[in-house]
Amino acid sequence: MPNIIEITDFEAPELDIYARLTEIQLLNRHEPDKGIFIAESPKVIERALDAGCIPVSFLVERKHIDGQAHDIIARCKEIPVYTADFEVLTKLTGFQLTRGMLCAMRRPSLPDVDEICTGARRIAVLENIMNPTNIGAIFRSAAALNIDAVLLSPPCSNPLYRRAIRVSMGTVFQIPWTFLGKEDEMQSHSPMKHLQSLGFKTAAMALSDDSIPIDDPRLAVEEKLAIVLGTEGDGLAANTISDCDYTVRIPMSHGVDSLNVAAASAVAFWQLGSRHFS
């Protein structure tokens with residue numbers, strides 16, 4: 001039988017994760033193994049479950065218990081399901097629930113870089129991308145356009161932020177990813193050099209005098225390629241560009257010199273993704 005619990009006390013500590021804790025508190029930077037994230041909507045929750053994420057509790061609009069949420073609740077029989085009518089849940093969370101269902105889940109342990117790269121032909125490397133909407137959009141493009149893994153520098157927005165998960169449509173649970181290391185480690189060890197030691201050629205998406213167009217045939221035939229994308233404002237750091245094997249530009253018209261990083265990622269993944277090997 002499902003473990004259905006009617007919400008009668010807004011201050012119940014079990015509801016803190018939905019109503020009162022910040023993203024930083026949920027992710028628990030100091031003790032990552034104790035971190036929590038929130039998945040929204042049945043489709044996203046199902047993708048997280050399929051990826052092995054462990055649910056802690058559900059928050060479900062009452063009318064969806066026997067509707068959209070039914071199969072997921074049946075799949076997780078022992079997990080508490082907190083419920084109330086729409087108006088009560090909106091008051092509790094401060095906003096409308098996405099498709100009437102939220103799930104708090106334990107944050108999974110992240111693999112190391114070498115594990116992520118094993119068997120990969122095309123990976124995306126994200127440097128200092130701090131907008132969770134852009135992170136989510138990049139993951140969605142990566143999943144759709146044959147990118148095998150995503151690596152993030154430490155300042156990047158966490159892919160398990162609620163908005164990133166939502167914008168990605170749950171693809172953050174389908175594409176392997178991890179962080180490149182701590183910031184002090186990044187300063188003393190070049191991530192590009194490490195990727196090159198694993199057999200990858202590295203392609204910095206940046207405008208420079210020696211950049212080559214994204215349809216340069218040399219890029220398409222590289223057996224292993226890392227596509228490196230930079231922060232929304234300043235782009236890639238100069239030392240990152242200098243450490244890369246290629247500097248690549250997307251040809252544009254009408255005097256436009258750059259795209260939003262999420263849009264640029266979609267163009268780059270389409271042109272350079274591992275569909276060339278399928």
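Because the structure is predicted, anything quoted here is derived from the model rather than measured.
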Between His194 and Asp114, does the side chain to side chain contact (heavy atoms under 4.5 Å, CB included) criterion hold? Intermediate values first, please. CA-CA 9 Å; His194 183 65; Asp114 289 17; 2.7 Å; yes
Taking it one step at a time, do Asn158 and Phe179 satisfy side chain to side chain contact (heavy atoms under 4.5 Å, CB included)? CA-CA 9 Å; Asn158 195 294; Phe179 284 98; 3.7 Å; yes
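At least one side-chain heavy atom of Leu102 sits less than 4.5 Å from a side-chain heavy atom of Arg162. Side-chain contact between Ile135 and Leu152: present, with at least one pair of heavy atoms (C-beta onward) separated by less than 4.5 Å. Between Val172 and Val150 there is no side-chain heavy-atom pair separated by less than 4.5 Å. Taking the side chain as every heavy atom from C-beta outward, Tyr161 and Ile24 approach each other to under 4.5 Å. Side-chain contact check for Leu151 versus Leu195: some heavy-atom pair is nearer than 4.5 Å. Inter-residue side-chain proximity for Met101 and Lys43 is flagged as unmet; no heavy-atom pair is nearer than 4.5 Å.
Here the CG atom belonging to Asp85 is positioned 7.5 Å from the CD atom belonging to Glu61, to the nearest 0.5 angstrom. Atom CG of Leu225 is separated from atom CD of Glu223 by 11.5 Å, given to the nearest 0.5 angstrom. Going from atom CD1 of Ile79 over to atom CE of Met105 covers 9.0 Å, rounded to the nearest 0.5 Å. If you take CZ on Arg163 and CD on Glu40, they are separated by 9.5 Å, rounding to the nearest 0.5 Å. Rounded to the nearest 0.5 Å, atoms CG (Asn239) and SG (Cys244) are 9.5 Å apart. Atom CD1 of Ile36 is separated from atom CD1 of Ile17 by 6.0 Å, given to the nearest 0.5 angstrom.
In this structure a side-chain-to-backbone donor-acceptor pair under 3.5 Å is missing from Tyr18 to Ile38. Here the side chain of Thr231 pairs a donor or acceptor atom with the backbone of Asn128 at under 3.5 angstrom. Put simply, the side chain of Ser141 never gets that close to the backbone of Ile138: no donor and acceptor are under 3.5 Å apart. When atom types are taken as modelled, the side chain of Ser57 and the backbone of Pro80 share no donor-acceptor pair closer than 3.5 angstrom. The backbone N or O of Asp243 sits less than 3.5 Å from a side-chain atom of Gln196, completing a donor-acceptor pair. Between the side chain of Thr83 and the backbone N or O of Val60 there is at least one donor-acceptor pair closer than 3.5 Å. Panel note: side chain Asp148, backbone Arg122; a donor-acceptor pair is recorded below 3.5 Å. The backbone N or O of Leu198 lies less than 3.5 Å from a partner atom in the side chain of Lys224, making a donor-acceptor pair. Between the side chain of Thr202 and the backbone N or O of Ala226 there is no donor-acceptor pair closer than 3.5 Å.
The hydrophobic cluster containing Ile54 does not contain Ile72, counting ILVMFWY residues as joined when their side-chain heavy atoms lie under 4.5 angstrom apart, directly or transitively. Linking Ile, Leu, Val, Met, Phe, Trp and Tyr whenever their side-chain heavy atoms come within less than 4.5 Å puts Ile212 and Ile250 in one cluster.
The 12-atom threshold is not exceeded at CG of Asp234, counting heavy atoms of other residues, nucleotides or ligands nearer than 6.0 Å. Within a 6.0 Å radius of CG in Asp9, other residues, nucleotides and ligands contribute more than 12 heavy atoms.
Residues Arg47 and Thr171 bring no donor and acceptor atom of their side chains to less than 3.5 Å of each other.
Gln271 approaches Ile214 most closely through the heavy-atom pair CG-O, 3.4 Å. The two residues Ile116 and Ala149 make their nearest non-hydrogen contact at CG2-CB, 3.4 Å. Across all their heavy atoms, Gln174 and Pro176 have their closest contact at O-CD, 3.7 Å. Counting all heavy atoms, side chain and backbone alike, Leu126 lies closest to Cys156 at O-SG, 3.4 Å. Minimum interatomic distance between Cys76 and Pro55 (heavy atoms only, all atoms of both residues): SG-CG, 4.1 Å. Of all heavy-atom pairs spanning Phe37 and Arg107, the tightest one is CD2-CA, 4.0 Å.
Shown are Asp245, Ile241, Thr240; of these, the side-chain contact (heavy atoms from CB on, under 4.5 Å) with Met192 is made only by Thr240.
Using a 4.0 Å cut-off between a side-chain N of Lys or Arg and a carboxylate O of Asp or Glu, Asp50 and Arg75 qualify as a salt bridge.
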